[in-house]
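Everything below concerns the one structure shown next.
We're numbering straight along the sequence, starting at 1.
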Amino acid sequence: MVSAADAGDAAALLTDVPADHRVALVDPRFVGHLHALRLGLTDPRFPAATVPGALTAQPQARPALVRALERTTAAVGAGAPVVDPGTGPAPEDLTVPGRIAVALEAEGVAVQRPALGSLVAAVPTDPEQQAAAVAGVAAVDDEAVRLRNAVKSRDGFFTTFCISPYSRYIARWCARRGLTPNQVTTASLITALIAAGSAATGTRGGYIAAGILLLVSFVLDCTDGQLARYSLQYSTMGAWLDATFDRAKEYAYYAGLAIGAARGGDDVWVLALGAMVLQACRHIVDFSFNEANHDSVANTSPTAALSDALDNVGWTVWVRRIIVLPIGERWAMIAVLTALTTPRTVFYALLIGCALAATYTLVGRLLRSVTRKARRTERAARALADLADSGPLAQAVASLVHGPKRALTAPAAALIGTLVMVGAALFLPYGSWLTVVAAAVYVVLSGFAVARPLRRALDWLVPPFFRAAEYVTILVLAARSDVPHAVPAAFGLVSAVAYHHYDTVYRIRGGTGAPPQWLVRTIGGHEGRTALVAVLAAVLTHTSGFTTALTALAVAVALVVLVESIRFWVSSSAPAVHDEGELA
């Protein structure tokens, strides 16, 4: 910490700080809570941030900070405003950090101003203001505020009332011992994998241990986010781990249950894969709808207005959150049923509960889409195209039909293609080459669906239709093959592909765009993989080669997407984000 006589002296002192360091400017008269300074000066997600009397800048904002300091020094010395009245607002905070914050914004730097709530951050200029600020600090326990703010503002019923009341204290315990959110996330994953291993034993004792360990894993899963918010430790690696491990834990647990049931003579692999497919399709509905409306202009949907009105009635908020069976309620149900019943019962409950939740969510999304008047942006259309995961076959068809006027809308083409593909897999004789013909029709209709920018009201349905077509086709063909271990191999293939799709979602959500096109082309796109599995089923009918082919395809896809995903998320281009609002 170094004291500067004035803004000019501060600019000179900054030149001695290495360019790759974060720097902060704090008015020496500052009075406030320590946590107010933490919020303003230590959050790594923003290039610059400010609270009254304090400002911080990350390395990428340092050059603009130096220019802003020089500009502020000249303006104050001349008695002129920091920015021209026509180019930006006058600073509400007239301290040097406050003036610099406005000057930074005039340079195009985004300056975060965290909401302080009851916390105090002030620069008093006379004894009366000083006394008021000191009294305000004494009246509020900033540690209590810090603990309260460590919990998500929007979470499920089970998490809010059964986990967070004590997990926040576990988060504080971890912070005081120097543990990081990534370490807690990893502990949660390891605990869940041990739970899956316990379920795989197929014994009652193993099932009871699995249920308990799954709940412990969920407590740790809540703790890692609360630790990140409590200590403001957000990171690129943390974003990746937090985004992907929840799915890895849940789907690994499904596999453990299926293995345990098989040990007891009950083959539930089809149910396990069905539960994973349904859950993944639920997620893509949410992701696709949210991306389509991420930056829509206007929202005049009466359905949205009704939803907002219901949010003002306390009990309806919790009922609606429970109905969608978010991760807390879902894992609690899985844990209890694992300990008390059988894996088959667990999967039946999962399939019924998730189907009802998916129906409720889908109906609400459809009503909002058809009743709202909003103009979708180019960003939304690009995100939906990326979520569609179209490979070279669909893109080739799209390039051929791009000019002529289409008879089908994008959702209609995707839906018809999905019905053709899934219907063929279900009802045609297994191994029939007509299924391959259906796959060719699916490829053509997939190209039709993405031949135009996805900007219409229901175009967000295109990615969910494609996910359902690919996942369900793999499930049905593996189940109908009557080949030993074909369904477990299909489980591995869907897991690898689903990881790629989740990775795409979180890259888009972080603002860095979808995975590179070479990756999508290499793994074939949704239509290429679907067609390939149909061909394999026809060529390797009722032979163990089908299981081998599915396993090889799963390994190949997993290797390619994991290597590229790890490369991206540990790179400097990855976003430092943290999931604040995902319930599912």
Taking the side chain as everything from C-beta on, heavy atoms only, tell me whether Thr185 gets closer than 4.5 Å to Leu189. no
Do the numbers put Arg507 on top of the ring of Phe568, so that NZ or CZ is under 6.0 Å from the six-membered ring centre and no more than 45° off the axis? yes
Any heavy-atom pair between the side chains of Val462 and Thr409 that's under 4.5 Å? no
Evaluate the side-chain contact (heavy atoms from CB on, under 4.5 Å) criterion for residues Tyr442 and Phe466: first the C-alpha distance (whole Å), next the side-chain angles of each, then the deciding distance (0.1 Å), finally the verdict. CA-CA 10 Å; Tyr442 175 68; Phe466 288 163; 3.6 Å; yes
Please round to the nearest 0.5 Å and tell me the distance separating atom CG of Asn182 and atom CG of Asp224. 8.5 Å
Can you confirm whether Glu378 sits close enough to Arg455 that some side-chain heavy atom of one is under 4.5 Å from a side-chain heavy atom of the other? yes
When you compare the side chains of Ser565 and Asp503, does any donor N or O come within less than 3.5 Å of an acceptor on the partner? yes
Does a donor on one side chain sit under 3.5 Å from an acceptor on the other, for Gln226 and Ser167? yes
Any heavy-atom pair between the side chains of Leu271 and Tyr254 that's under 4.5 Å? no
Using only atom types and a distance under 3.5 Å, with no angle test, would you say the side chain of Glu527 pairs donor to acceptor with the backbone of Ser390? no
Could you measure the distance from the CD atom of Glu291 to the CZ atom of Arg382? Nearest 0.5 Å is fine. 12.5 Å
The reported gap from CG in Leu445 to OG1 in Thr418 (rounded to nearest 0.5 angstrom) is 9.0 Å
For side-chain hydrogen bond (donor to acceptor under 3.5 Å, both in side chains), just list the numbers for Ser217 and Ser188, CA-CA rounded to whole Å, side-chain angles, deciding distance to a tenth of an Å, and then say yes or no. CA-CA 5 Å; Ser217 175; Ser188 176; 3.1 Å; yes
Quick one: which of Asn290, Asp286, Asn293 gives a side chain to side chain donor-acceptor pair (under 3.5 Å) with Arg365? Asp286
N/O donor-acceptor pair under 3.5 Å between Arg282 side chain and Ala357 backbone: no
Check the side chains of Gln517 and Gln395 for a donor-acceptor pair under 3.5 angstrom, ignoring hydrogens and angles. yes
Does NZ or CZ of Arg247 come closer than 6.0 Å to the centre of the six-membered ring of Tyr502, within 45° of the ring's axis? yes
Can you tell me how the ring of Tyr430 sits relative to the ring of His542, calling it parallel under 30°, perpendicular over 60° and tilted otherwise? tilted
Would you say Thr223's side chain and Ala171's backbone share a donor-acceptor pair under 3.5 angstrom? no
Is there a side-chain contact between Val497 and His526, using heavy atoms and a 4.5 Å cut-off? no
Should Phe218 and Thr159 count as side-chain neighbours, where that means a heavy-atom distance under 4.5 Å? yes
Glu564 side-chain N/O to Leu519 backbone N/O, donor-acceptor pair under 3.5 Å: no
Donor-acceptor check, side chain of Thr160 to backbone of Phe157, threshold 3.5 angstrom: yes or no? no
Face-on cation placement of Arg45 at Tyr234 ring, 6.0 Å and 45° thresholds: yes
Return yes if some donor-acceptor pair links the side-chain N/O of Arg467 with the main-chain N/O of Ala388 below 3.5 Å, else return no. yes
Within the distance-only criterion (no hydrogens, no angle test), does the side chain of Arg321 pair as donor or acceptor with the backbone N or O of Gly156 below 3.5 angstrom? no
Between the main-chain N or O of Leu428 and the side-chain N or O of Ser432, is there a donor-acceptor pair closer than 3.5 Å? no
Quick check: His501 with Phe287 (ring centres under 6.0 Å apart)? no
Can we say Asp246 and Lys249 salt-bridge, meaning some charged N sits less than 4.0 Å from an Asp/Glu carboxylate O? yes
Is a side-chain donor or acceptor of Thr201 paired with a backbone partner of Ser198 at a separation under 3.5 angstrom? yes
Dump the intermediate steps for side-chain hydrogen bond (donor to acceptor under 3.5 Å, both in side chains) on Thr341 and Tyr207, then the final yes or no. CA-CA 9 Å; Thr341 64; Tyr207 289 149; over 6 Å; no
So, do Ile259 and Arg263 sit near enough that their side-chain heavy atoms are less than 4.5 Å apart? yes
